[in-house]
Trainee: 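Below is one structure. I have some questions about it.
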2 protein chains.
Amino acid sequence: MNKKENAKVINIASIKAACKDCNLRELCLPLGLGEPDLTALDKVIRRRRTLRKGEQLYRLGDPLKSLYAVRSGTLKTTGLMEDGRVQVTGFHLAGELLGIDAINTDQHPCSAEALETSEVCEIPYIALEELAHQVPGLQHQLFRVMSREIVEDERLLMMLGRMNAEERLASCLLSFSRRHERLGVNGAAFKLSMSRQDLGDYLGLALETVSRLFSRFQEEGLIEVQGRHVHLRDNDRLHAIAGGNGNSRSHAQRN
Amino acid sequence: MNKKENAKVINIASIKAACKDCNLRELCLPLGLGEPDLTALDKVIRRRRTLRKGEQLYRLGDPLKSLYAVRSGTLKTTGLMEDGRVQVTGFHLAGELLGIDAINTDQHPCSAEALETSEVCEIPYIALEELAHQVPGLQHQLFRVMSREIVEDERLLMMLGRMNAEERLASCLLSFSRRHERLGVNGAAFKLSMSRQDLGDYLGLALETVSRLFSRFQEEGLIEVQGRHVHLRDNDRLHAIAGGNGNSRSHAQRN
DNA sequence: AACAGGCAATGACGTCCATCAATCCCATCT
DNA sequence: AGATGGGATTGATGGACGTCATTGCCTGTT
């Protein structure tokens, strides 16, 4: 398709779209809000911003100005060690909120980068907090979203601390599948927007290990892989592996 | 000192103590609140609860009723895999808030257990949310505290995903040190309230590895250990190790 | 077409840490 | 004091995964 025209169409659409006619309404901050509150929220949301692949939304150390809701595309957030080691702390799909970890110190403790062309809604934080004060439903939803972020991080903690490589990848693939379904897309077949390196940095593995695992999963009939295209073939077995009932020896020896 | 009398004194003190004369005022939810708001918060906080070592504050799957502020002692929160593997998601000292990960689904996704005799303030969640709506300062502080929890989890993610064993322990010890200082206690020497197993479950290591590391750190003059008593002897080198500049070969090979 | 360059797949090898197992220490109770 | 039991230490061994290196694939550019 023609790129220039396509870009123009997206722009026009994005300028007009407001929370109240956004298809992500039920997955994002507006959840549970009524008509008048939605209008108020729309007034607070400053603008849509489009990021190209590789572009950064904010950088580690940047002062907190806004939170961002992902409207389309995917972003990753990455923490950095002094010596350059990277930990991806999350992949963020449409409907998810970015930047809440900056509220604590008014500084972003990690960077956010688009993995593909992505759109985000910018929500100035001061205004959001102010509005949350006036709209209890919004306050409630904000608490929930922040809590969800914590739960998500805890799931990842479990993966990194207590799962082996194959359990981590199985778990990760199933998570992607679930989230795609939540967005109304087919959860069994999807395209990964991140590189093997990114996946490794997320799962605490070397990219080679991730690559080998993809191959092995394919050999074992769990999935089909073709570069970044993944097709889940045996959800039951994937679940068994992710839950710790893979064919490898059990780790549980606590009486 | 006489244990019985001491216990009695603490009890009497704790019954009377309210947020407005709590010495943790500046570390906990009341931060930034004025006199009248503090009184309102005190009305919401239902009661003090004392937990003995090993007692559980809530269990995985319990419905969310209250959040808890640690007043004294230490608790751990643990996630559980189906096959019994444990991940400690945090150690919680005085002034820290527990249970916010339950807001998302109104169910606790992990269990909380006292590592020593501990006191917590119970804060019914519904009432807290209601009050936060009326008191902007409280709402603000709640957002901050939740955000801090996320940052804390992200730090741990970095540890589990990208640090080796010695870096994890050094980092962990320094974190304890910092938090003790925040409480006005000497940060260089403290008593661990958790077992080696707990530390291992937190750091994603086997308890034997933790034990060996303690011994090695001692040999190298970084710390002194005597069971659960730890004395930090060389903060600079500990920092160097925790930051990834230990004597082990550098991990950074990203150009 | 041919080329370049980034990403992915695969192999060989080494190492860090888990596992298994045997003491050892220490606090508590009788 | 002696007994008891949970925690901690220490050693030996093996395996999972990181590291290094090569080759292959795919996309976009000239």
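Chain A is the first sequence line, chain B the second, and so forth, proteins listed ahead of strands; every chain is numbered from 1.
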Trainee: Taking any heavy-atom pair under 4.0 Å as a contact, classify B/Gly204: base, sugar-phosphate, or nothing.
Mentor: sugar-phosphate

Trainee: Within the 4.0 Å heavy-atom criterion, would you say A/Leu207 contacts the bases, only the backbone, or no part of the nucleic acid?
Mentor: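 Result for A/Leu207 = nothing.
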
Trainee: Please name the pair of heavy atoms, one in B/Cys172 and one in B/Tyr202, separated by the smallest distance, quoted to 0.1 Å.
Mentor: SG-CE2, 3.9 Å

Trainee: Nearest to the B/Ala206 side chain among C/dA18, C/dC17, D/dA8, which nucleotide is it?
Mentor: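 Side chain of B/Ala206 sits closest to C/dA18.
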
Trainee: Base of D/dT19, side chain of A/Arg212 - is there a donor-acceptor contact under 3.5 Å?
Mentor: yes

Trainee: For A/Ser211, answer base if it contacts any base atom (sugar-phosphate contacts may also be present), sugar-phosphate if it contacts only those atoms, and nothing otherwise; contact means non-hydrogen atoms under 4.0 Å.
Mentor: base

Trainee: If I take atom CG in residue A/Leu213 and atom P in nucleotide C/dA8, what distance separates them, rounded to the nearest angstrom?
Mentor: 15 Å

Trainee: What's A/Arg228 touching, base or sugar-phosphate or nothing? Going by heavy atoms closer than 4.0 Å.
Mentor: sugar-phosphate

Trainee: Using whole Å, what does the distance between atom C1' of nucleotide D/dG11 and atom CZ of B/Arg216 come to?
Mentor: 16 Å

Trainee: What I want to check is whether the side chains of B/Thr77 and B/His92 have a donor and an acceptor closer together than 3.5 Å.
Mentor: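 Side chains of B/Thr77 and B/His92: pair found under 3.5 Å.
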
Trainee: Tell me: CZ of A/Phe214 to C1' of C/dC7, nearest whole Å?
Mentor: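 Rounding to the nearest Å, CZ of A/Phe214 and C1' of C/dC7 are 13 Å apart.
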
Trainee: Do the side chains of A/Glu116 and A/Leu75 get nearer than 4.5 Å, heavy atoms only?
Mentor: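 The answer is no; the side chains never approach within 4.5 Å.
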
Trainee: Over how many whole Å does the gap from A/Gln218 atom CD to C/dA8 atom C1' extend?
Mentor: 13 Å

Trainee: Does B/Glu208 make a side-chain donor-acceptor contact with the base of C/dC17, cut-off 3.5 Å?
Mentor: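 Not at all, since no donor on one side and acceptor on the other fall under 3.5 Å apart.
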
Trainee: Between A/Thr209 and D/dG18, is there a side-chain N or O to OP1/OP2 distance below 4.0 Å?
Mentor: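 Yes, such a contact exists.
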
Trainee: Could you tell me whether the side chain of B/Val120 reaches within less than 4.5 Å of the side chain of B/Leu98, counting heavy atoms only?
Mentor: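 No - every pair of side-chain heavy atoms lies 4.5 Å or more apart.
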
Trainee: Grab the NZ-C1' distance between A/Lys191 and C/dA8 for me, whole Å please.
Mentor: 14 Å

Trainee: May I have the distance from A/Gln197 (atom CD) to D/dC20 (atom P), rounded to whole angstrom?
Mentor: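 Rounding to the nearest Å, CD of A/Gln197 and P of D/dC20 are 13 Å apart.
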
Trainee: Atom CG of B/Leu203 and atom P of C/dC17: how far apart are they, to the nearest Å?
Mentor: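 Spelled out: CG on B/Leu203 to P on C/dC17 is 12 Å.
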
Trainee: Below the 4.0 Å mark, does C/dT10 have OP1 or OP2 next to a side-chain nitrogen or oxygen of A/Ser215?
Mentor: yes

Trainee: In this structure, how many angstroms lie between the P atom of D/dG7 and the CG atom of B/Asp198, rounded?
Mentor: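 Answer to the nearest Å: 9 Å.
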
Trainee: Given side chains that start at C-beta, do those of B/Leu60 and B/His108 come closer than 4.5 Å, heavy atoms only?
Mentor: no

